[in-house]
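The block underneath contains the structure these notes are about, expressed in structure tokens.
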Amino acid sequence: MGRPALPLAPVTFDDLPAALAWLDGHVDFESSMPSRRSLPTLDRMRELVRLLGDPEQAYPAIHITGTNGKGSTAAMTTALLGAQD
């Protein structure tokens, strides 16, 4: 737990130019973010798991995602895998 936030004093302005000057005086994080030169890929994640010794290969897994149907998909997958024995 960090320190509790101090209450901020309200900021008031005499006119619009003063308000705009105050806003312009802050860092614009959006414009300073690095831009993407190409489409995002999984190359960095592949390199990370390779450096970790490919832990995802240690045991078989099925990752089920989505909004609807995960329960029935998991049940069907369990039944299919159980029938292989």
Side-chain angles (χ1 to χ4, degrees):
M1 291 177 37
R3 287 188 268 169
L6 298 174
L8 297 176
V11 180
T12 58
F13 305 101
D14 294 331
D15 54 17
L16 180 60
L20 292 175
W22 183 82
L23 288 171
D24 288 340
H26 289 75
V27 176
D28 182 1
F29 288 107
E30 284 186 0
S31 67
S32 65
M33 294 296 291
S35 62
R36 291 194 182 268
R37 295 188 182 114
S38 62
L39 294 174
T41 67
L42 292 174
D43 293 341
R44 292 175 16 179
M45 188 56 65
R46 287 186 184 113
E47 178 65 14
L48 174 63
V49 295
R50 186 190 67 76
L51 290 170
L52 294 172
D54 294 308
E56 77 284 3
Q57 301 294 328
Y59 58 92
I62 298 174
H63 187 129
I64 301 171
T65 66
T67 303
N68 297 316
K70 291 181 294 294
S72 57
T73 300
M76 188 183 323
T77 303
T78 301
L80 290 170
L81 292 173
Q84 287 185 342
D85 292 334

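Throughout, residue positions are numbered sequentially from 1 according to the sequence presented. None of the values given here were measured: they were computed from a predicted structure.
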Sorted by chain and number, sequence neighbours left out, side-chain contact (heavy atoms from CB on, under 4.5 Å) with Thr73 holds for Ile64, Thr77
The side-chain contact (heavy atoms from CB on, under 4.5 Å) partners of Leu48 (sequence neighbours excluded) come to Met45, Leu52
Between Val49 and Glu56, the two heavy atoms sitting closest are CB-OE1, 3.7 Å
By side chain to side chain donor-acceptor pair (under 3.5 Å), Arg50 pairs with (sequence neighbours left out) Glu47
d(Thr78 OG1, Ile62 CD1) to nearest 0.5 Å is 8.0 Å
*asked:* Would you say CG of Asp54 has more than 12 non-hydrogen atoms from neighbouring residues, nucleotides or ligands within 6.0 angstrom?
replied: yes
